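Reviewing the structure listed below.
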Amino acid sequence: MKRVAILGANGQVGAEVTLRLRVVEGIEVVPIVRNVSGSSFLRSNGIECRHGRISDPAEARSLIGDCDVVVNFALSNTAIPRADRDMNRQIVRSMVAAAKPGAPIIFASTIMVYAPGMKFWLPDSYGLEKLVAERVFRRACRASRHPGF
């Protein structure tokens, strides 16, 4: 059985993916949420969650170190650009460092990186934040030899 960690499992997309994966044969879904109150929806649907900060390297190891695949939907988006950028870089670095050696890691980005509907490339702050995190993710995966998607 493949154990799949879902970081940011309490967000809209993370929760939906968690709900869908829990019924797939051969997959044990492991939702990761920062705190107990954030996991209330998933827990009320009978899904056990792990709680902690993926940005903390020690906690990250205990949260995802036993998972065969890691999917990242987590994103700090507090509207404080510098703080968000620092936190998102730390999330990516901790996630890649804590993942089981050779485990594939999937970074869920957004089409907003490409500024759809604009005549010129000018992503919004969400798109820019995801773009920066994508780049950090690619570099970290290359350095650690994790397959990154």
Side-chain angles (χ1 to χ4, degrees), residues 1-24 26-43 45-115 123-149:
M1 175 149 329
K2 291 274 185 195
R3 186 173 288 152
V4 178
I6 305 293
L7 306 179
N10 60 319
Q12 289 177 327
V13 179
E16 193 67 32
V17 169
T18 297
L19 290 170
R20 291 180 180 271
L21 285 179
R22 79 173 174 170
V23 297
V24 175
I27 291 180
E28 176 189 348
V29 67
V30 179
I32 312 292
V33 179
R34 258 190 314 264
N35 56 55
V36 175
S37 61
S39 69
S40 62
F41 171 73
L42 294 172
R43 288 183 295 108
N45 280 280
I47 301 173
E48 286 187 42
C49 298
R50 293 183 184 178
H51 302 95
R53 295 170 300 154
I54 197 69
S55 60
D56 179 284
E59 285 187 47
R61 279 187 288 284
S62 68
L63 292 168
I64 66 171
D66 63 342
C67 295
D68 302 302
V69 177
V70 177
V71 183
N72 181 25
F73 294 104
L75 181 74
S76 177
N77 196 15
T78 64
I80 304 170
R82 180 64 185 190
D84 287 334
R85 185 151 299 150
D86 290 345
M87 179 58 68
N88 290 324
R89 287 178 178 174
Q90 187 58 41
I91 287 169
V92 168
R93 289 183 185 121
S94 291
M95 168 188 67
V96 172
K100 186 187 287 190
I105 305 171
I106 300 165
F107 180 86
S109 192
T110 176
I111 195 166
M112 294 309 295
V113 165
Y114 306 104
D124 62 4
S125 62
Y126 176 73
L128 282 173
E129 193 51 49
K130 281 289 198 170
L131 176 64
V132 169
E134 277 183 23
R135 291 177 178 165
V136 171
F137 172 71
R138 286 188 189 114
R139 283 193 298 270
C141 284
R142 272 195 304 272
S144 68
R145 299 186 183 197
H146 278 285
F149 303 94

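The shown structure was predicted, so the numbers you read here are calculated from the model rather than taken from an experiment. Only this structure's heavy atoms are used, side chains among them; waters, hydrogens and symmetry mates stay out.
Inspection of the Asp84 and Ser76 side chains reveals an N or O donor paired with an N or O acceptor under 3.5 Å.
Between Glu28 atom CD and Leu21 atom CG the span is 12.0 Å, to the nearest 0.5 Å. Interatomic distance, OG of Ser109 versus CG of Leu75, reported as 9.0 Å (0.5 Å rounding). We find the CD-NE2 distance between Glu59 and His51 to be 12.0 Å, quoted to the nearest 0.5 Å. Put simply, OG on Ser55 and CG on Asn88 are 9.5 Å apart, with the number rounded to the nearest 0.5 Å. Note: Met87 CE to Arg85 CZ = 14.0 Å, rounded to the nearest 0.5 Å. Between atom OG of residue Ser94 and atom CG of residue Leu7 there is a gap of 10.5 Å, rounded to the nearest 0.5 Å.
Residues Asn72 and Ile91 are in side-chain contact: their nearest non-hydrogen atoms beyond the backbone lie under 4.5 Å apart. The shortest distance between side-chain heavy atoms of Arg138 and Arg142 falls below 4.5 Å. Looking at heavy atoms from C-beta onward, Arg82 lies in side-chain contact with Asp86 at the 4.5 angstrom threshold. Contact check for Arg89 versus Val132: side-chain heavy atoms found under the 4.5 Å cut-off.
Between Ile105 and Ala99, the closest heavy-atom pair is CD1-CB, 3.8 Å. Here the shortest heavy-atom pairing between Pro147 and Gly102 reads CD-O, 3.5 Å. Minimum heavy-atom separation, Phe107 to Val92: CE1-CG2, 4.1 Å. The shortest non-hydrogen separation linking Leu63 to Ile32 is O-CD1, 3.5 Å. The minimum heavy-atom distance between Phe149 and Pro104, with the atom names listed, is CE1-CB, 4.1 Å.
The side chain to side chain donor-acceptor pair (under 3.5 Å) test applied to Asn35 returns Ser37, not counting sequence neighbours. Under the side chain to side chain donor-acceptor pair (under 3.5 Å) criterion, Arg22 pairs with no residue at all, not counting sequence neighbours.
Ion pairing between Glu134 and Lys130 fails under the 4.0 Å rule for side-chain N and carboxylate O.
With Asp66 as reference, Arg50 is the one residue of Arg61, Arg50, Lys100 to meet the salt bridge (charged side-chain N to carboxylate O under 4.0 Å, His left out) rule. Residue Phe41 forms a side-chain contact (heavy atoms from CB on, under 4.5 Å) with just one option from Leu19, Asn10, Ile47, and that option is Leu19.
Side chain of Asp68 to main chain of Arg3: a donor-acceptor pair is present (N/O by atom type, distance under 3.5 Å, no hydrogens or angles). Side-chain N or O atoms of His146 include one that pairs as donor or acceptor with a backbone N or O of Ala103 at under 3.5 Å. Remark: side-chain polar atoms of Arg43 are paired, donor with acceptor, to backbone N or O of Val36 under 3.5 angstrom.
Listed by first and then second residue, the ring pair (Phe, Tyr, Trp, His ring centres under 6.0 Å) pairs that reach into residues 63-99 come to none, sequence neighbours excluded.
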